[in-house]
Each structure stands twice: as structure tokens, then as C-alpha cells.
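One structure below.
Keep in mind it's a predicted model, so treat the numbers as computed, not measured. One-based numbering, in listed order, for ligands and for the atoms of each.
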Amino acid sequence: MNGGARPGLDLSVIRDEVLAVNAYAVPDSTGLTKLDAMENPFALPADVARALGEQLGKVPLNRYPPADPRAFKELLARVIDLPAGMALLLGNGSDELIHLVIQACARPGACVLSPWPSFEMYDLSSRFDGCRFVGVPLAEDFSLPREALLAAIAAHRPAVVFISWPNNPTGNLFDRATVEAVLAAAPGVVVLDEAYLPFAQDTWLPQLARWPKLLVLRTLSKMGLAGIRLGYLCGDPAWIAEFNKLRPPYNVNVLTLAAAGFMLERRALLDEQAALLRAERGRLLGRLRSLPGVTAFDSAANFVLFRVAGGSPAADRVFARLKARGILIKNRAHVHPLLAGCLRVTVGQPSENDAFLAALAASL
Ligand SMILES: *Cc1c(COP(=O)(O)O)cnc(C)c1O
């Protein structure tokens with residue numbers, strides 16, 4: 001564990017689950033066209049950026065954030081049309097909320113379950129909280145395997161089920177009736193992760209009243225505000241009150257609250273950008289499908305998963321050649337057998353997508 005380090009330095013107090021994993025890797029993207037992390041590619045217009053700067057200049061940085069930012073939460077509830085009687089919990093990105101939900105449910109021996117492959121943090125956070133993580137393999141076409149999923153829920157009795165809606169990294173929405181069967185069968189909470197809502201335009205939020213164990217998780221990251229780190233969890237106030245006990249006080253800082261409030265008042269700008277990206281997604285899919293040896297999968301998100309002929313060695317080669325041509329995407333070929341030969345590209349600005357397509361045609 002401590003190969004060749006300083007004498008007397010002994011890391012054996014660190015838990016095995018922590019020692020066993022590598023830190024979440026963020027590759028260096030200096031000088032590259034960044035199409036790897038589902039970021040919105042548009043900078044703020046200059047006048048909006050200036051007005052934001054003025055607003056942020058008025059924020060009292062010497063004060064702690066409000067214990068309960070009521071005005072901001074009321075604005076957010078109104079903007080998202082939060083169903084009556086439901087509550088909100090704010091997080092430092094939805095990553096933090098994933099962690100809080102698991103932490104709250106991590107009784108000894110507790111299990112967390114998700115269709116798989118899906119968002120890596122479900123697995124990582126579970127392990128860090130000492131929970132067993134069960135990934136139920138998706139069907140070959142990335143749909144939910146209804147019988148296997150229900151059988152796994154019956155066998156493992158998961159405290160938490162995560163369903164990414166649409167699924168990262170495959171991009172598809174699942175069958176609603178199958179998700180309802182999960183909601184009916186699950187013994188614990190079921191988190192529908194709607195990180196890609198602006199691109200999917202499909203939500204479970206109105207279903208909160210019908211399903212007491214449903215929680216809807218969202219983030220401002222993919223809609224254009226990844227840098228400020230703000231996620232929110234919606235659900236029955238009884239659940240939210242318990243998760244809130246584990247929330248570090250002041251987890252959402254004053255600049256984030258001010259910037260998010262400012263942008264929510266100007267959400268038409270973000271909506272326009274999302275519409276443009278949805279159109280670009282269609283164009284990107286069409287062009288990918290015209291390339292020989294490329295299979296591109298339908299997407300309800302701001303990324304497209306595609307498979308190259310020749311399997312994972314070919315995907316590695318294409319990934320490296322794209323990078324040499326200045327384009328950074330995400331290689332998903334080695335994360336799960338279902339994703340053999342698969343790469344994931346974020347939908348960028350039209351010029352970035354053109355640069356990617358040209359580089360890809362030259363890299364196959
Ligand atoms: C990107 C992503 C998140 C993380 O969002 P943050 O709010 O930036 O932490 C959560 N869930 C899924 C499925 C994602 O793809």
C-alpha cells in the first residue's frame with residue numbers, strides 16, 4: 001500500500017474501499033476542442049456577463065450563505081413547476097446529492113442498485129459509503145431488462161435505486177412502464193436522475209405525488225452552468241428533511257446562489273442554447289450514420305454514443321487519432337462489455353461538431 005514512501009508513513013488507517021480506487025480522472029484538455037464532458041459550449045454574451053459581474057460584486061463575501069436560501073428555492077420551485085407539497089434540497093452539484101442519499105440509506109449491509117452501464121458516481125459513492133453496489137446489465141439495445149431488473153430488486157432489496165433519465169453514457173430514455181414497475185417493486189427510494197432534462201424534455205417531476213418513494217434529481221451543469229456546481233433533489237418533504245441532516249452546512253456558496261438566481265431569471269437564453277444543441281444533435285447523428293463502419297445510437301441527451309467497427313482496439317485508435325488532431329472526446333470502450341468499441345462525443349457548437357466530424361472521417 002505504501003510502496004517506497006517515507007519511513008514511518010503508514011496509510012493502513014485508510015479504508016480499503018478508498019485505497020482500492022483511483023481518484024476520479026479528469027484528463028488535461030489544454031489546447032484541445034473539449035467534447036468529452038457534456039458541457040454547454042456557449043460562453044455568456046458580453047452584456048449578460050457584465051451584468052452578472054455587477055450582481056456578483058454586490059454579494060457579501062464576508063458572510064456565510066443563508067442557512068436556508070428560501071428566496072432562491074422559491075424562485076427555483078416556480079421555474080421548475082415543483083408539484084404542490086413537495087420539497088427541494090440544494091447540493092454542490094448533483095454529485096453531492098447522490099452521495100447524501102446513499103449516505104442516509106447506508107445501513108450495514110445496504111445495497112444500491114442501478115441498470116448498468118450508467119453514471120459512474122452511483123457505483124463510486126456506494127462503495128465509499130460501505131454499500132454493496134449491484135449493476136444490472138442493460139439489454140443489448142440498451143433498454144431496461146424488465147424481468148432481470150425486477151428479479152434483482154427482489155433478490156437484493158436495494159435501499160436506493162438510481163435510474164439515469166436519459167442514461168449516461170448510452171443516451172437513451174427507458175421504457176416508462178418498466179420504470180413504474182421498478183417504482184412499485186422497490187423497497188427503498190428510487191432516484192430518477194434528470195441531468196439531461198433540457199435535451200430530453202421529458203420528466204418524472206409530475207409523478208412525485210403518485211409515487212412516495214420517487215425522488216427527482218437535477219442539475220444546472222448540463223444546461224450551461226457546470227462551473228458553479230448546483231444540483232437539486234425534489235421529493236416528499238419527509239425524505240428531504242432526513243437527507244438535509246447530512247448536508248454540510250453552507251454546501252452551496254453565495255456566488256453560486258447569486259449566479260444561479262441571475263441565470264434562472266434569464267433562462268430563455270439557456271433554453272435557446274439547448275434548442276440549438278438539440279438540432280445539432282440530430283445533425284451530428286445523421287452525419288455519423290453516413291460514415292462507413294460507424295453505428296451511432298439515438299440520444300435524448302447532449303451527447304452521442306457511437307461504435308466503431310473493429311471493437312475496442314479500433315476505438316482506442318480512433319480516440320488517440322482524434323486527440324492528435326486536437327479533439328478530445330470520451331473513450332467508453334473499456335467500461336463495460338456492452339460498450340465494446342464505443343466512444344462518446346458531446347454535442348458542441350456547429351463549428352466544433354464540424355471539426356470533430358472531419359477529424360473522425362480522417363481517423364477511422
Ligand atoms: C453529469 C451528470 C451528473 C452530475 O452532475 P453535477 O451536477 O455536475 O454533479 C449527474 N448525473 C448524471 C447522469 C450525469 O451525467
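For ligand 1 and D95, the ligand atoms under 4.0 Å from any heavy atom of the residue are 4 (C), 9 (O). The contact set between ligand 1 and G93, taken as ligand atoms under 4.0 Å from a residue heavy atom, comprises 7 (O), 9 (O). Per-residue contacts place S221 under 4.0 angstrom from the following atoms of ligand 1 (heavy atoms of the residue considered): 6 (P), 7 (O), 8 (O).
Looking at F162, Y232, Y196, F119, it is Y196 that brings a heavy atom closest to atom 15 (O) of ligand 1. Within the set E120, E39, K222, the minimum heavy-atom distance to atom 14 (C) of ligand 1 is found for K222.
For atom 5 (O) of ligand 1, the nearest protein heavy atom (residue, atom name, distance) is S94 OG, 3.0 Å. Protein heavy atom nearest atom 11 (N) of ligand 1, with residue, atom name and distance: D193 OD2, 2.6 Å.
In terms of polar-atom proximity, T219 is counted as a contact of ligand 1, with an N or O under 3.5 Å from an N or O of the ligand.
Classification of K73 and D68 as a salt-bridged pair holds, one side-chain N sitting under 4.0 Å from a carboxylate O. Taking 4.0 Å as the cut-off between side-chain N and carboxylate O, K222 and E194 do not count as a salt-bridged pair. Between R15 and D129 no salt bridge is recorded (no basic side-chain N to carboxylate O distance below 4.0 Å). Classification of R247 and E242 as a salt-bridged pair fails, no side-chain N sitting under 4.0 Å from a carboxylate O. Ion pair D36/R344 not flagged as a salt bridge, since none of the NZ, NE, NH1 or NH2 atoms sits closer than 4.0 Å to an Asp/Glu carboxylate oxygen.
Residues meeting the side-chain contact (heavy atoms from CB on, under 4.5 Å) test with A159, sequence neighbours left out: C105, A110.
Between S164 and ligand 1 there is a heavy-atom distance shorter than 4.0 Å. Remark: distances from the non-hydrogen atoms of R229 to ligand 1 include one below 4.0 Å.
Geometric assessment of R210 against the ring of W204 yields a negative cation-pi assignment under the 6.0 Å and 45° thresholds.
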